[in-house]
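The structure appears below as structure tokens.
Every heavy atom of this structure was used, including side-chain atoms; hydrogens, water molecules and symmetry mates were not.
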Amino acid sequence: MSNKTFSFILINLFVFSSCILYKDIRRPKIQGSVFSENGALEDVTLQFIMNEQNQGILNPAYLKTTKTDDKGFFQFDRIVEIDRGIIGGDRNGKFLAATRFLILKEGYITDTINIKDYDDDLEIVVDTIYLKLK
């Protein structure tokens, strides 16, 4: 094998092995339950909101809303993007995912949860949220 052919193969091998697909978790799966002093609260709205600290562009699709079921349980699915890039490449310019959500129910005091207060990157289980009557 000539030096040119060997160099060509080596360069291509390096270039293609450094271009990879990777999963970029924009927000982990979040689950928990909402209760009052009388028990589980059904039909509570949980809605992600913009953070004052967010700089850059926020994808509106990340401002998800969900409701609790009859047992007070709620869940937000994980947001994952499959991206292509060079190992060690620049990830700037990505859409940001909101990190705070409101817990809203008519007749109750609104609460706020910031998922940055939790350490897990894959799944966050929020301790039971207790809403107080107004």
Side-chain angles (χ1 to χ4, degrees):
M1 181 180 318
S2 73
N3 282 342
K4 286 183 180 181
T5 305
F6 180 73
S7 296
F8 177 76
I9 291 171
L10 191 60
I11 289 170
N12 280 321
L13 191 63
F14 175 74
V15 168
F16 290 115
S17 67
S18 65
C19 294
I20 60 168
L21 292 176
Y22 59 88
K23 281 186 179 181
D24 191 12
I25 297 175
R26 306 315 268 150
R27 186 169 58 224
K29 176 181 175 182
I30 303 164
Q31 61 185 17
S33 50
V34 181
F35 280 74
S36 73
E37 58 189 24
N38 299 325
L41 286 174
E42 183 178 5
D43 210 31
V44 176
T45 301
L46 297 102
Q47 177 180 0
F48 271 95
I49 58 173
M50 289 278 279
N51 298 343
E52 302 86 24
Q53 305 91 342
N54 278 355
Q55 296 178 354
I57 302 169
L58 183 81
N59 185 339
Y62 296 163
L63 295 174
K64 299 284 185 183
T65 299
T66 191
K67 291 194 178 266
T68 56
D69 64 13
D70 60 339
K71 295 178 180 132
F73 179 79
F74 70 90
Q75 178 175 308
F76 289 102
D77 292 331
R78 179 182 300 138
I79 298 176
V80 177
E81 290 181 352
I82 302 295
D83 208 349
R84 196 176 18 216
I86 297 174
I87 294 174
D90 182 18
R91 289 188 176 184
N92 291 334
K94 290 294 203 180
F95 286 121
L96 300 171
T99 60
R100 290 187 324 155
F101 63 91
L102 298 176
I103 302 99
L104 307 153
K105 175 98 173 146
E106 191 171 325
Y108 290 86
I109 298 171
T110 300
D111 199 357
T112 306
I113 298 289
N114 188 342
I115 62 170
K116 285 187 174 185
D117 295 338
Y118 296 83
D119 292 330
D120 199 334
D121 290 336
L122 298 176
E123 183 173 343
I124 293 174
V125 178
V126 178
D127 292 333
T128 303
I129 301 164
Y130 287 96
L131 291 184
K132 295 179 183 178
L133 288 168
K134 286 186 179 179

*Could you tell me which non-hydrogen atom of A40 sits nearest to which non-hydrogen atom of G72, and how far apart they are?*
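Nearest pair, atom of A40 first, then G72: CB-N, 3.8 Å.
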*asked:* Check the orientation of F48 and F76. Use parallel for under 30°, tilted for 30 to 60°, and perpendicular for over 60°.
replied: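 Geometry flag for F76 against F48: perpendicular rings.
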*List the steps and the verdict of side chain to side chain contact (heavy atoms under 4.5 Å, CB included) for Q75 and T66.*
CA-CA 7 Å; Q75 178 175 308; T66 191; over 6 Å; no
How far does [atom1] of [X] sit from [atom2] of [Y], to the nearest 0.5 angstrom?
X    : Y    : atom1 : atom2 : value
K134 : K105 : NZ    : NZ    : 12.5 Å
N114 : T99  : CG    : OG1   : 4.5 Å
L41  : L131 : CG    : CG    : 6.0 Å
L46  : I103 : CG    : CD1   : 5.5 Å
I124 : K116 : CD1   : NZ    : 11.5 Å
T110 : L102 : OG1   : CG    : 6.5 Å

*With the 4.5 Å side-chain cut-off for hydrophobic clustering, are L104 and I109 part of the same group?*
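Unlinked, L104 and I109 end up in two clusters.
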*Are Y108 and V34 co-members of a hydrophobic cluster defined by side-chain heavy atoms under 4.5 Å apart?*
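Yes, V34 and Y108 fall within the same hydrophobic cluster.
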With [X], which residues qualify under side chain to side chain donor-acceptor pair (under 3.5 Å), at least two apart?
X    : value
T45  : K67
Q47  : none
E123 : Q31

*asked:* Apply side chain to side chain contact (heavy atoms under 4.5 Å, CB included) to residues D77 and K64 and explain how you reach the verdict.
replied: CA-CA 10 Å; D77 292 331; K64 299 284 185 183; over 6 Å; no
*Is a side-chain N or O of T68 found less than 3.5 angstrom from the main chain of F73, in a donor-acceptor match?*
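No: the side chain of T68 does not pair with the backbone of F73.
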_V125 vs Y118, test: side chain to side chain contact (heavy atoms under 4.5 Å, CB included). Steps then yes/no._
CA-CA 9 Å; V125 178; Y118 296 83; over 6 Å; no
_Verdict with supporting geometry, Y130 and D111, side chain to side chain contact (heavy atoms under 4.5 Å, CB included)_ = CA-CA 9 Å; Y130 287 96; D111 199 357; over 6 Å; no
